[in-house]
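We name chains A, B, ... by the order of the sequence lines, and we start the count at 1 in each one.
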Number of protein chains: 4
Amino acid sequence: MANIASKEKIAQRRYDILQAAIEVFSSKGYHSAGVADIANALGIGHGTIYRYYKNKRDIFNAILAELLAQMADVVQQEPPSTDSLDDYRQQLERIAAHMMRIFQQDPRLARIAFYEAMSIDEEARASVDHFIAVFAQFTAHYMKNGVDKGFLRANMNQSMAAQLITAMIMEAVKKIATGKDNEADIQQWKSEIIHFVIGGLSAG
Amino acid sequence: MANIASKEKIAQRRYDILQAAIEVFSSKGYHSAGVADIANALGIGHGTIYRYYKNKRDIFNAILAELLAQMADVVQQEPPSTDSLDDYRQQLERIAAHMMRIFQQDPRLARIAFYEAMSIDEEARASVDHFIAVFAQFTAHYMKNGVDKGFLRANMNQSMAAQLITAMIMEAVKKIATGKDNEADIQQWKSEIIHFVIGGLSAG
Amino acid sequence: MANIASKEKIAQRRYDILQAAIEVFSSKGYHSAGVADIANALGIGHGTIYRYYKNKRDIFNAILAELLAQMADVVQQEPPSTDSLDDYRQQLERIAAHMMRIFQQDPRLARIAFYEAMSIDEEARASVDHFIAVFAQFTAHYMKNGVDKGFLRANMNQSMAAQLITAMIMEAVKKIATGKDNEADIQQWKSEIIHFVIGGLSAG
Amino acid sequence: MANIASKEKIAQRRYDILQAAIEVFSSKGYHSAGVADIANALGIGHGTIYRYYKNKRDIFNAILAELLAQMADVVQQEPPSTDSLDDYRQQLERIAAHMMRIFQQDPRLARIAFYEAMSIDEEARASVDHFIAVFAQFTAHYMKNGVDKGFLRANMNQSMAAQLITAMIMEAVKKIATGKDNEADIQQWKSEIIHFVIGGLSAG
DNA sequence: GATGAATGAGCCTTCATTCAT
DNA sequence: GATGAATGAAGGCTCATTCAT
């Protein structure tokens, strides 16, 4: 029992550190932020941090992993295929909405994933790139399904198209995280993306 | 005469340092790269660097400024308006091609502009963001023209649409810089973007 | 309790660093001395120094402030006025003796206050100059009292006379700190100063 | 002939550099001043300086040597002995006046001799100290003469008294150089010093 | 378990000096 | 003779990480 309580406490501490680190990394940037800044934000000794994370880099990893897992959920919750253009449109809307919601809830994550992670080291960048690639692969998969079923046009480079759609979604995500876009704006971002995708991809 | 020769030499040295810095910054990242690395790459003393640039940050600024100027040329060389959907399509193609060419010629610049610059400090990030915003404004302007002339649909958020187009172009640019895409791939990227834009925006 | 012990330790460390810095600054000079020299003298890492003082200059400031405070005590412990030439003579003796004792105990301080401080920057110099000025003002004040009470001659420039007395005391101080003067020498220095002052200032 | 002209030119250049160095060293301080600052002040290349002086330290040496020589003149022009208290008083006045004039003409020298020189290295400090000692020895010599001839009291430490007189003169010199004392002030400084010395030393 | 004192690798930057032109 | 480009020693300072308490 004590063990369980202890485990919960540990988990809580790890979580608290992560939250503080998100705040610190997103406001000062990974390189300018010090481990001591994170500890200060929590009112704990900075040595304590090292009892929960191997090092500064490890904290960032944890943030990133958690965020990427959250983002991965977006596609994993989707049915692997749709049966009509309208179905696909709705799926696209759900995915975009879901993705935007993550960053609307915690806009600081956008800076961490899209800016800081890209300049720490090869591994961090690869980690994000890999997620984006996987996301794009899902998208490509949806499109292949649409082509196979005939509701999307065949003469496209599915991979590239998927990457462009992904880029549009990510762009909207960044803008929503960065700016002060409200719910109506989010609807518009989705609407504009849908226009491009449906208009650009639909068969005939 | 001596003065002219000297000025040329100085310009050459500044250029050499910039090139070495591009290599070093893009391969190790701004933060991990030292001024000494740049000097070593050139086989000169690191003190010499400071005769040509105020400090490490100043070198990065120069790289960024040069690159953004090059990118700004892309839209500044374009006519401010087009008269038909086909004209617009061609303009879009030119812009995308031009932009991709810059990074195809020196792919290292992509990492510098899109990754490193975002994590150095507020100023560097703002500098890139501002360029992107201006670029998107040009795009928005082209679209307003199309709406006014009736060859683009009126029911769009011009600003958002412009930003999404910009995001697609930048995405293609990054991919071309990062990957080993050849001329054919570049054609395809353009083609896919055109499909999205024309399909998604055209009237009727 | 732990806190108190900690505070004591911190105070001790600050004191140790100050002592080492006095040694290093007085033997090599402020400019030639490195923070690493101070750390080496203590057998500690140089980074440790920065936990106790903001920077090299701050260490010097602390030494100087401490010394000037000690010197300020000399006059602040004196009664503001005396009633006879003999009283005044005795006061002068006390002041000179007190001042000389400070530097006899730690001769290295003389170099720091009178030589190094003068060449670090405007602020350090002003700091010493200000102290000297205040000291001279006290002296001038004592003299005005003597003139008012009639035991010192009226036809003098009190400010200048005070500055000259101060200069004599400081000169003796420097000589005592620099040389290997013993107790007897100190008595003589005092005696000679008294001769000048009493002989030069006494009324009638 | 060409040689003579050349020698004159060289001498002129050395002199110009010295003057510029006096300005630069006295305004920024020896350590903060760069060789380039001196060259800039003259509008010449900083490499040129090294054709006239071995190094930065050598320039300072030259300034100091020149100044000390000038100061040495003050006592060397004096008769080795005087025959009455009044003669001695007049000699003292001449010496003080002469010394003050040097620094009134070029107040920048005060900072160089009394402040900067003390913190460069052992040699520079020794150089100034040696001059002061020699100056004090002359003064002591004058006093021994006075004691021998009976117009100065015998019960004094001639060396210390001489050093105190020297200190007073140097103090007045510094004040005159630092402040904006006019001719009348200079007279007063002399007057106050005389009062101390004559009052403090005269026999009976 | 928590703490924060200690550490030193590492990096930017300055500037006196040299020397090829 | 004059120049200023090049150099690299030198040093101040930061901060991630360790570990004794």
For this session: Give D:R13 one of three labels, base, sugar-phosphate or nothing, depending on what nucleic acid heavy atoms sit under 4.0 Å from its own.
Result: sugar-phosphate
Problem set entry | For B:Y30, ring pair (Phe, Tyr, Trp, His ring centres under 6.0 Å) partners two or more places apart | B:F25, B:F60
For this session: Over all heavy atoms of both residues, which pair between C:A113 and C:V128 is shortest? Give the atoms and the distance, please.
Result: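 The pair with the smallest heavy-atom distance is O-CG2, 3.7 Å.
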For this session: Quick one: closest heavy-atom pair of C:A124 and C:L64, and the distance?
Result: O-CD2, 4.1 Å
Exercise. Under a 4.5 Å cut-off applied to non-hydrogen side-chain atoms, are D:E123 and D:N61 in contact?
Worked result: yes
Exercise. Does a side-chain heavy-atom distance below 4.5 Å link B:R111 with A:R125?
Worked result: yes
Problem set entry | Any residue of residues 36-54 of chain C with a heavy atom less than 4.0 Å from an atom of DNA chain F | C:H46, C:Y50
Exercise. Does C:R14 have any side-chain contact (heavy atoms from CB on, under 4.5 Å) partners at least two apart in sequence or in another chain, and if so, which?
Worked result: C:I10, C:Y52, C:Y53
Problem set entry | For C:Q70, side-chain contact (heavy atoms from CB on, under 4.5 Å) partners two or more places apart | C:E66, C:I102
Just to verify, what does [X] make a side chain to side chain donor-acceptor pair (under 3.5 Å) with, not counting sequence neighbours?
X      : value
C:R108 : C:Q19, C:E23, C:D106
B:S127 : none
B:D129 : none
A:H46  : none

Return a table of donor-acceptor pairs under 3.5 angstrom between the side chains of residues 32-42 of chain B and protein atoms on other chains or two or more places apart.
unit_1	atom_1	unit_2	atom_2	d
B:D37	OD2	B:K28	NZ	3.3
B:D37	OD2	B:G34	N	2.8
B:N40	ND2	B:A36	O	3.4

Exercise. Do any of residues 20-35 of chain A sit with a heavy atom less than 4.0 Å from DNA chain E, and if so which?
Worked result: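 Under 4.0 Å from DNA chain E: no residue of residues 20-35 of chain A.
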Exercise. Taking only Watson-Crick and G-U wobble pairs with both distances under 3.5 Å, what dot-bracket line describes DNA chain F, where [ ] shows pairs that cross earlier ones and | shows pairs with another strand?
Worked result: .||||||||||||||||||||
Problem set entry | Bounds of contact between DNA chain F and chain C, in 5' to 3' order, using a heavy-atom cut-off under 4.0 Å | F:dG12 to F:dT14
